[in-house]
Amino acid sequence: MSHPQDDDNTISTVTAAHLSRIARQGIYSSATAIDPDAANVAQALVATLNGTAEQTVLTPELQQLTEQVRQRATIGFPHITADDGVRLSAHTIKLNTSDPRPVVIVPSGWTPFGWVLFEYAYLQLALRGYHVLAYTPRGMGLTFPAPDGSYVDAPWTSGGTIDVAGPSDWADGSTAIDYAQQHFNPSRIAFLGESYGSGISQLVAAHDPAGRVDAVVALSTWGDLADSLYQNDTRHLEAVQKLIDFTGGPIERKFDEATRQMLEDFQAGRNLDDVVAWGKERSPASYAAQTNARGIPTFISNTWHETLFPANQAITHFERLTVPKRLNLWIGDHAAPEGAGLTIPFSGPNLPVEEAFAWLDHHVLGADNGVAAWPAVNSQIMFTYKTANDTITEPAVREPKSSWADVTTSTERWYLTASAADRQDGGLGTAPETGWKREFTAGELTEATAVDAVITTGQAEWKGSPKAYATDKFDRRNLAVWTSGPLQGARRIRGIPELTLTVRSSAAATTLVAYLFDVSPDNTARIITHEPLTLPELSPGENRSATWRLQAAGYDLAPDHRLMLVVNSKDQLYSDANTGGSTTTITSTDATAAHLELPLG
């Protein structure tokens, strides 16, 4: 994106090669950086639409798209004034028709580029017959320091400070509806959002005083923000830090004093009851009753290896909804499935986006397109796609189910045992075994990690390149391992695994991070799922029984592969309560034999 103070930072010509690379690699170059080519595509589309492009900067396909929309609609770039005077940067596509048409309102994601980034999606929606109103939520967008000590905002940046999907954002959503009704006179109103915009969309739908939202699409969304950020007495520090670093400006400009204090308390691990209450207020799950009472059709999409809004909390929220609903679970991490599909054209359909649009077509346009017969849940299974030359040749298998409860049809209990055949690690067996112990030194990062990097590891996974782990590099001094023998048959892991074991520590608190891996015959592993747990207020040397649920998984474990459970004390994603050099001991007692409950389907 060009910076408002830098006239030399011009728009580059979009090429087919750029689009191909974005399609292969996704729109993020890191957790806090949009790929420059993806940002340039968005800016080139906007410049072409508003007439500021001095030459043709789009591929023929994209140029034709802009011309088609300009022939059918009027393009606008207004500011919408909120109730408290904050000005929200917005973008409108108004169809040139006197017939009432529905409007799709799109609050932008948590990105410095605000509403601009998904210009391609707005054009697609216009061609499908929708008015479009996109806006940047308050406080979001690029903000630059000026030589005189002041700040300059990009054109797509909104005023005010970030409310983190709080009451001001709900009110702003209703103000956006007011604007849409005044300028479009729409027949129906839908909200579509990705990431931050998805949570805001659900919250506006539940809170709009006049109940004017007819359908919601929530991509890479959350149900419970508090559980996303803090669960099992463990703070998701890396996720929050990445969000803070991706607002587009300095923290003192982007957040008011009260929000900064809340973020500081979270990072410091203090006043956590207040932090949880703050997160619950910003959770669509807290208002499921309102959503149900209003009957708002709700489309939810998430990923198995989501690092910002882990899948379990979104699934729990989905299960509480009694409205027409859809849950898509995909391979990868946050925004990986739909990000590129909202940004650029594909040679074939981008299913995460196409299904979202089909949902709107049915519930808002009234299209008889088969959506009414869709099963409520459709899960993409890890890692069943086929690849060649870094390209997916066949997409991963998806499994439709009528409800989340139908995903798991049985469970299989694996007991943690003293040793496996190689005598180095513990084993996973079919009979309980007690009296053994496994010890490791706590407080050290290990090669057993959830991801190498937030978003980008999962982005590669979505494109067919899941992270490979060399299990011989797992330092047994700082973790414990239990491994099954080669499986005699496949295992269809479907649902939420649960781990029970007994722990003691030489310190007054400890953190455990459990990982499930699929280990191939060559000892290369792929991660299935993981989840941390912190045990505070321990009496040193005293046993504590612990049971916790790992994140949901849809994973096919092949015959002759082995199931590996790893427990360490530290992961870069999370806070930990470890005292460096302390000893964590895991054991199995007669009262509670250590075991893993594996869901199958």
Side-chain angles (χ1 to χ4, degrees), residues 232 304-306 310-312 315-316 319 329 331 377 379-384 396-397 399 401 403-421 425-434 436 438 448 450 466 469 471 474 479-503 512-521 525-533 545-568 586 588 592-601:
N232 296 330
W304 297 117
H305 290 161
E306 172 77 35
N312 284 3
I315 293 168
T316 299
E319 281 290 88
L329 289 165
I331 291 171
V377 176
S379 301
Q380 191 178 44
I381 305 305
M382 301 178 282
F383 289 105
T384 54
V397 170
E399 289 184 352
K401 297 291 181 180
S403 72
W404 176 255
D406 293 327
V407 169
T408 302
T409 58
S410 65
T411 60
E412 180 178 62
R413 179 167 290 192
W414 289 87
Y415 289 95
L416 282 61
T417 63
S419 62
D425 299 329
L428 291 172
T430 58
E433 186 175 313
T434 61
W436 53 263
R438 310 289 294 183
Y469 295 78
T471 58
F474 293 172
L479 50 73
V481 178
W482 295 264
T483 309
S484 73
L487 298 175
Q488 298 305 302
R491 293 298 190 281
R492 290 164 43 87
I493 300 173
R494 303 289 189 271
I496 299 174
E498 186 174 270
L499 178 63
T500 296
L501 40 75
T502 298
V503 186
L512 305 174
V513 190
Y515 310 82
L516 278 185
F517 291 102
D518 165 13
V519 184
S520 66
R526 300 281 189 269
I527 192 167
I528 300 170
T529 184
H530 83 287
E531 183 69 6
L533 168 74
S545 178
T547 297
W548 73 106
R549 303 197 319 163
L550 280 59
Q551 290 298 317
Y555 195 102
D556 281 347
L557 200 62
D560 295 325
H561 284 221
R562 290 171 292 145
L563 182 67
M564 176 181 283
L565 171 69
V566 175
V567 177
N568 66 16
I586 297 176
S588 181
T592 310
H595 63 273
L596 169 71
E597 204 76 24
L598 196 66
L600 303 176

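For clarity, every value in this text was computed on a predicted model and none was experimentally measured.
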Contacts of type side-chain hydrogen bond (donor to acceptor under 3.5 Å, both in side chains), residue W414, not counting sequence neighbours: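 For W414 the side-chain hydrogen bond (donor to acceptor under 3.5 Å, both in side chains) partners, ignoring immediate neighbours, are E412.
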Approximate separation, where rounding is to 0.5 Å, of [X] [atom1] and [Y] [atom2]:
X    : Y    : atom1 : atom2 : value
D556 : F383 : CG    : CZ    : 11.0 Å
L516 : W482 : CG    : CH2   : 11.5 Å
M382 : I331 : CE    : CD1   : 7.0 Å
T471 : R562 : OG1   : CZ    : 6.5 Å
L499 : L598 : CG    : CG    : 11.0 Å
I493 : L563 : CD1   : CG    : 6.0 Å

Check whether [X] reaches the backbone of [Y] with its side chain - one donor and one acceptor, N or O, closer than 3.5 Å.
X    : Y    : result
T529 : Q551 : yes
W436 : L416 : yes
W404 : T316 : no
H305 : I528 : yes
E597 : T411 : no
R494 : S410 : no
W548 : E531 : yes
R526 : D518 : no
N312 : A552 : yes

Which heavy atom of [X] sits nearest to which heavy atom of [Y], and what is that distance?
X    : Y    : answer
A546 : L533 : CB-CD2, 3.7 Å
T417 : L428 : OG1-N, 4.0 Å
P532 : N232 : O-ND2, 3.1 Å
G495 : V407 : N-CG1, 4.1 Å
L565 : A514 : CD1-CB, 4.4 Å

Flag side-chain contact, heavy atom, 4.5 Å: T483 against M564: yes
Side chain proximity check, P559 to Q488, heavy atoms < 4.5 angstrom: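 Answer no - side chains too far apart.
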Ring pair (Phe, Tyr, Trp, His ring centres under 6.0 Å) assessment of F474 paired with Y515: CA-CA 12 Å; F474 293 172; Y515 310 82; 8.1 Å; no
Stepwise side-chain contact (heavy atoms from CB on, under 4.5 Å) test for T592 and T500: CA-CA 8 Å; T592 310; T500 296; 3.4 Å; yes
Evaluation steps, side-chain contact (heavy atoms from CB on, under 4.5 Å), between L329 and I315: CA-CA 9 Å; L329 289 165; I315 293 168; 4.1 Å; yes
